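Here the structure is laid out as structure tokens; the discussion comes afterwards.
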There are 2 protein chains.
Amino acid sequence: MTNKTLIFKKIPPPLLLPIAGEHLVIEDRPFDLSNPPPPGGATVQVLYGSYDPYLRSKMRTPDVASFTPPFALDGPVTADAVARILQSASPAHRPGDLLLAHLPLAEYAVVSSETLATGTIVPGPRRVPPGGLGVFLGPLGMPGLTAWAGLYAIGKPKAGKVMFVSSAAGAVGQVAGQIAKREGLRVIGSVGNGEKLAFILDELKFDGGFNYNKERPGEALPRLAPEGIDIYFDNVGGEHLDAALENMNLHGRIVSCGMVSQYKLEQEERYAVKNMFLLLQNRLTMRGFLVYDEEFGPAHTDEHQEKLYDWLVDGSILAKLDITEGIENAAEGLINLLKGKNFGKAVLEIKRGGS
Amino acid sequence: MTNKTLIFKKIPPPLLLPIAGEHLVIEDRPFDLSNPPPPGGATVQVLYGSYDPYLRSKMRTPDVASFTPPFALDGPVTADAVARILQSASPAHRPGDLLLAHLPLAEYAVVSSETLATGTIVPGPRRVPPGGLGVFLGPLGMPGLTAWAGLYAIGKPKAGKVMFVSSAAGAVGQVAGQIAKREGLRVIGSVGNGEKLAFILDELKFDGGFNYNKERPGEALPRLAPEGIDIYFDNVGGEHLDAALENMNLHGRIVSCGMVSQYKLEQEERYAVKNMFLLLQNRLTMRGFLVYDEEFGPAHTDEHQEKLYDWLVDGSILAKLDITEGIENAAEGLINLLKGKNFGKAVLEIKRGGS
């Protein structure tokens with residue numbers, strides 16, 4: 001039998017998007033389900049894969065340093081994924097169990113004992129969250145943990161304060177904003193189009209928002225937060241950061257989570273921030289982090305899994321997913337995310353129509 | 001009798017320096033030493049006054065907000081000072097005791113019970129530090145506490161790490177750098193002339209340094225700290241900050257203590273920082289603070305007074321003071337500081353030749 005797999009075929013030029021069919025290709029790779037799994041490992045059916053911006057940084061030559069290793073050329077594109085165990089050689093995993101792990105984007109995968117040890121077994125079927133298994137890759141996955149850890153460890157939300165979150169309909173922003181709302185903050189969001197603006201205002205019930213393609217942050221923020229901003233959850237950087245700095249209150253805190261406006265630029269093209277003087281004048285704290293840093297993700301995983309699950313169940317957190325259906329569309333779905341065309345957490349459903 | 005006093009006579013134009021004889025004037029104000037002190041207060045002879053950059057921000061109209069109240073027009077310029085108690089109506093203060101408090105820059109002063117309560121009585125004559133009473137306004141005063149609190153609360157120094165401190169011969173920088181040296185860090189400093197460079201290298205024994213009027217920080221830092229910077233103690237801002245960002249190691253920490261290169265500029269003239277992207281990429285922490293903020297100065301006062309006194313006595317911390325002699329030169333001394341012409345902590349010795 002064969003196994004449809006998203007293959008990293010060719011390294012795209014630095015800063016440019018990969019092209020489907022050239023850099024990212026679907027191939028039928030041989031696979032034999034009747035083979036036993038490796039010692040202590042398992043054979044799995046991959047159900048959902050997570051599309052995240054960092055995957056672009058893995059499409060590089062191995063000599064460039066990064067926090068994440070590069071993809072092997074002609075090997076599978078790997079991502080955080082939800083899979084069902086078909087065969088297990090591990091006493092801790094039974095066929096039918098669900099696994100959360102970093103896996104190939106493919107119909108099937110052989111999972112080593114090492115990967116199995118790092119993966120989380122999703123607790124029983126009763127724990128499938130509202131929104132389905134894809135939610136384990138969004139609010140209950142890495143983006144949700146990023147929002148949780150950044151907000152609590154750096155933002156330190158307190159009821160009555162004002163938070164501004166950029167890219168507020170995105171995978172991280174929508175969770176950060178909703179948690180802050182639930183903690184009693186006033187939340188203002190920025191998004192890139194009118195549909196997303198309606199979403200954060202009407203569905204997520206944020207207190208204010210603007211479309212940054214229609215209004216500049218420096219004009220919108222004084223209008224939407226005349227009392228100033230106490231926490232800025234930054235997913236965008238650049239002009240957004242500058243405008244936030246200008247509107248921060250004394251002792252405000254900036255969670256530097258992403259700078260999507262800046263990643264694809266050469267160093268000399270990057271936005272120069274005019275208001276750093278205000279960081280001193282208003283005694284602000286600004287901190288960059290990565291979810292894998294010990295005091296961020298790892299330190300907050302249990303609390304995040306426990307509480308956010310309950311909040312999804314009680315409806316106080318909504319999950320907006322952008323699902324690409326079918327492994328045959330895997331390259332296009334990933335490229336759409338890298339173009340910023342997704343609306344909500346981008347997820348690949350390997351088998352059209354679900355598990 | 002009369003009391004020579006530095007008077008705030010006229011508000012200087014925004015961002016410009018005051019002029020001696022116009023904005024700052026020495027006047028003989030009436031004073032009667034035979035009058036009893038107010039209830040619970042004292043009459044004092046002022047010995048040393050502290051020249052600090054923030055004093056410029058008190059020379060303004062009262063309608064402009066700031067962390068510090070403005071000077072009253074035609075009233076005395078006040079500053080942190082060391083004084084000797086002449087007459088006391090407070091049971092806790094005896095004639096001859098030394099007082100550290102915010103006082104007029106004048107020969108004599110009447111001290112209210114409120115001011116007396118906020119002031120520190122310098123413990124007995126045995127505790128006069130090497131360098132003399134002026135040291136209570138430098139390493140053992142507000143600038144020293146600023147260095148201490150910023151370094152420990154934000155920088156979190158660890159032996160073997162590398163610290164870069166700008167304005168390294170200044171009142172705060174010389175203390176921050178020396179403490180870091182004592183904690184086992186490699187310390188690199190920037191200064192504005194060759195004499196100061198010789199001072200930090202030969203006397204303070206810093207591991208490296210450069211004259212920023214001869215070499216740009218962006219060129220000097222890779223040369224002096226090829227292994228990268230773990231802590232940047234920033235007194236300067238602007239181009240220094242940008243160059244430091246470019247040379248910071250993963251998880252580096254920036255103590256934003258001052259931005260002397262930026263204070264006197266209008267907002268639109270301020271330096272735009274090009275490397276903020278690297279704050280995220282290298283997961284840096286950057287924090288602005290003021291020594292009066294609760295978790296900074298107040299939280300560190302006891303430890304600072306205790307340990308730094310011992311380090312001055314054992315010679316591991318040197319105090320470099322820049323002393324202006326005589327109350328009649330008080331205006332010129334202050335203006336020199338605001339021009340950056342001082343070398344070491346700027347102090348006014350009220351009575352030429354000392355106490």
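All of these numbers come straight from a predicted model, not from anything done at the bench. Just so we're on the same page: letters track the sequence lines, and every chain starts at 1.
Only the side chain of A/Glu246 comes within less than 4.5 Å of a heavy atom of chain B; its backbone N, CA, C and O stay farther away. Proximity to chain B (any heavy atom under 4.5 Å) is restricted, for A/Asn275, to the side chain, taken from C-beta onward. For A/Leu279, the parts sitting under 4.5 Å from any heavy atom of chain B are the backbone and the side chain alike.
Between chain A and the options B/Leu280, B/Asp242, B/Thr285, the largest number of non-hydrogen pairs under 4.5 Å is found for B/Leu280. For the set A/Glu268, A/Lys274, A/Arg253, the count of heavy-atom pairs under 4.5 angstrom toward chain B peaks at A/Lys274. Considering only heavy-atom pairs separated by less than 4.5 Å from chain B, the leading option among A/Asp293, A/Leu250, A/Ile154 is A/Asp293.
For the pair A/Phe277 and B/Met259, the tightest heavy-atom approach, listed with the atom from each and the gap, is CA-SD, 3.6 Å.
When side chains are defined from C-beta on, A/Met276 does not count as touching B/Gln262, because their heavy atoms never get closer than 4.5 Å.
In the displayed structure, B/Arg223 atom CZ is contacted under 6.0 Å by more than 12 heavy atoms of other residues, nucleotides or ligands.
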